[in-house]
2 protein chains.
Amino acid sequence: MTAMASEKTVERLSLYRRLLLRLRDDGADVVFSHQLCVPVGVTPAQVRRDIMQLGCSGVPHAGYKIKDLLAAIAEMLDAPQSQRAVLVGVGHLGLALLTHFSGRWRWLHVHAAFDVNPSKHGAIVRGCNCYGLDQLPRIVREWRVEVGVITVPMDAAQTVATMLCDAGVTGLLNFAPLRLQTPEHVYVENVDLTTSFEKVAYFARHPARLANNKNAERDAASEKDRADVPG
Amino acid sequence: MTAMASEKTVERLSLYRRLLLRLRDDGADVVFSHQLCVPVGVTPAQVRRDIMQLGCSGVPHAGYKIKDLLAAIAEMLDAPQSQRAVLVGVGHLGLALLTHFSGRWRWLHVHAAFDVNPSKHGAIVRGCNCYGLDQLPRIVREWRVEVGVITVPMDAAQTVATMLCDAGVTGLLNFAPLRLQTPEHVYVENVDLTTSFEKVAYFARHPARLANNKNAERDAASEKDRADVPG
DNA sequence: CAGAAATCGTTTATTGATTCACAATAGCGG
DNA sequence: CCGCTATTGTGAATCAATAAACGATTTCTG
Ligand SMILES: NC(=O)c1ccc[n+]([C@@H]2O[C@H](COP(=O)([O-])OP(=O)(O)OC[C@H]3O[C@@H](n4cnc5c(N)ncnc54)[C@H](O)[C@@H]3O)[C@@H](O)[C@H]2O)c1
Ligand SMILES: NC(=O)c1ccc[n+]([C@@H]2O[C@H](COP(=O)([O-])OP(=O)(O)OC[C@H]3O[C@@H](n4cnc5c(N)ncnc54)[C@H](O)[C@@H]3O)[C@@H](O)[C@H]2O)c1
């Protein structure tokens, strides 16, 4: 059915979804491409193209049905049955993530957490226990866990990543400030807060703005997407 | 002197620096482009190009002086004197960030934190106090704070962003799951953990890998950069 | 000292994503 | 029922980022 989406496309779909959910809760049934483009920071054409890739069709003067879009995005992004993740490193950051994400989604469940520190073992948040690292391979294998979240200190990150990959995960969300060496088939998403911080500091100091999602506002406001036929 | 760097370039420079610091601490004096490219996930040519933009020169066969590179990166990324940031929303995530980042850099100081909840007011971490929101405009203005970190719940994020922009910050690091509306001249870096999570889940489910920094390993290993002259 | 090997600097191509442009289409008002 | 307008769908053009290519340069080795 739908072909493989690119990283950028997946990012936008995630944003569209959150926006659509809010619109739906506000009572809207349909939406136009120029409504979606502003908060995501792209042009209406980009939105239409993304929706096309989803396999959805709109109606020229009537827009897209929000229900259809949500269903199509869910089919693309969410696991058909259910998908499990584990988190390793129940420190400041790990605990914040667990608190925030546990039980938030039906289709992606944070199944367990791990830490070397025995004082962290036991129940952490509802539906998620913390174990010693020795339990990791068994639990990941038994529950067919596909996603690993790494929130251990830098020095331990590579070891943990290797354990997770060996145990069979195929996706890693890495918060440690280094690039992990992983097998070819494992997808790694690095959330590098140090880099993000340095980026903001740099651009905050430089008044000349990069294309910073700002141009889209203008585009949508004046709806430049339509051909302004010359002559 | 050095021209404005692109977002991607700044990201790579941040990574180069951390790598170079480790190499230096291990006693190295010089480095080759193919050593830097692997952990950053690019080709040697890209590394050379970045270094060129820094205004540094290497010596064929002898590599680049690590000291020079670090100095050039610091000149590009770090504020000449000192730069201040504030954080708004001392919850799980905010506290994790404060603990991690406070006092970590000479050139970028987390000067203060803010929260609506009075129980959070007072000293949080060494060198960083927490105040009520009413103090925000005054402190940001008086200390010429340039960077604001937003870790409040989604519903409060836009209000906080507006306050910060009005008070004069020119860069925002936003952890709330929405796109902020800000004046033209303010740079916003969104750290969208929900999207990151959904991305990993998606690609973990899809064995066909995207260009995921993996090809660079091969390139560097076999040093394909050199012309393999045909005939 | 000469020739080989490695590495840099830079120009040129490639790639992939985004935007533009506009024909096709459907609602809407008279 | 008929133009009129707003909006979609999509091929072509543009753009930015990356990789390839290769001559120039320097060290190293015999
Ligand atoms: N907290 C932040 O705001 C922040 C910002 C940027 C980067 N990071 C990175 O995120 C990671 C975690 O940061 P943090 O602030 O939560 O650190 P933290 O010290 O609060 O927590 C680390 C946790 O990992 C556990 N741990 C240590 N070694 C382990 C191992 N081998 N296996 C399993 N668990 C182990 C520790 O017991 C601790 O509970 C670090 O790599 C840090 O560089 C954090
Ligand atoms: N914690 C995570 O792992 C995580 C993950 C994804 C996204 N986020 C986002 O990060 C933000 C913070 O998450 P959190 O887990 O730290 O939440 P939290 O509830 O633990 O902390 C929020 C803090 O903000 C304060 N606050 C509320 N309204 C405020 C206002 N108007 N002005 C100043 N302070 C205010 C609260 O008192 C609280 O201390 C949220 O937007 C959340 O969606 C967090």
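Because the structure is a prediction, the values reported are computed rather than measured. So that the names make sense, note that chain A is the first sequence line, chain B the second, and so on, each numbered from 1.
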Working for side chain to side chain contact (heavy atoms under 4.5 Å, CB included), residues A/Ile73 and A/Leu54: CA-CA 7 Å; A/Ile73 293 175; A/Leu54 279 174; 3.6 Å; yes
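- Residue A/Ser33 places no side-chain N or O under 4.0 Å from the OP1 or OP2 atom of D/dT7.
- Of the candidate nucleotides D/dT18, C/dC8, D/dG9, D/dG9 has the atom nearest to the side chain of A/Tyr64.
- In this structure, CZ of B/Arg12 is placed 8 Å from C1' of D/dA17, rounded to the nearest angstrom.
- A side-chain donor from one of A/Tyr187 and A/Glu7 sits under 3.5 Å from a side-chain acceptor of the other.
- Contact annotation: B/Arg49 side-chain N/O to D/dA20 OP1/OP2 distance is not under 4.0 Å.
- Between the CD atom of B/Glu7 and the P atom of C/dT18 there is a distance of 13 Å, rounded to whole Å.
- Annotation: ring pair (Phe, Tyr, Trp, His ring centres under 6.0 Å) contacts involving residues 63-83 of chain B, sequence neighbours excluded, are absent.
- Taking the side chain of A/Met52 as heavy atoms from C-beta on, and the options C/dT10, D/dA19, D/dT10, the nearest nucleotide is D/dT10.
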Protein-to-nucleotide contact annotation, 5' to 3' order, nucleotides 25-30 of chain D [B base; S sugar-phosphate only; - none; under 4.0 Å, heavy atom]: BBS---
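- For A/Ser6 and A/Thr9, the side-chain atoms include at least one donor-acceptor pair closer than 3.5 Å.
- Counting to the nearest Å, the P atom of C/dT10 and the CG atom of B/Leu54 are 13 Å from each other.
- Side chains of B/Thr194 and B/Glu198: a donor-acceptor N/O pair is absent below 3.5 angstrom, by distance only.
- Taking side-chain N and O atoms only, B/Ser57 has a distance below 4.0 Å to OP1 or OP2 of C/dG9.
- The distance between atom NZ of B/Lys8 and atom C1' of C/dG16, rounded to the nearest whole Å, is 11 Å.
- Rounded to a whole Å, the CE atom of A/Met4 is 14 Å from the P atom of C/dG16.
- For the pair B/Arg48 and C/dC8, the criterion of a side-chain N or O lying under 4.0 Å from OP1 or OP2 is met.
- Counting heavy-atom neighbours within 6.0 Å of A/Trp143 CH2, excluding the residue itself, gives a total of 12 or less.
- Residue pairs that meet the side-chain hydrogen bond (donor to acceptor under 3.5 Å, both in side chains) test with at least one member in residues 165-178 of chain B, sequence neighbours left out, are B/Asn174-B/Asn190.
- A/Gln53 places its CD atom 13 Å from the C1' atom of C/dT18, with the value rounded to the nearest Å.
- For C/dT19, one of the phosphate oxygens OP1 or OP2 lies less than 4.0 angstrom from a side-chain nitrogen or oxygen of A/Thr43.
- Following rounding to the nearest Å, A/Lys65 (NZ) and D/dT7 (C1') show an atom-to-atom distance of 16 Å.
- Between A/His34 atom NE2 and D/dG9 atom P the separation is 14 Å, expressed in whole Å.
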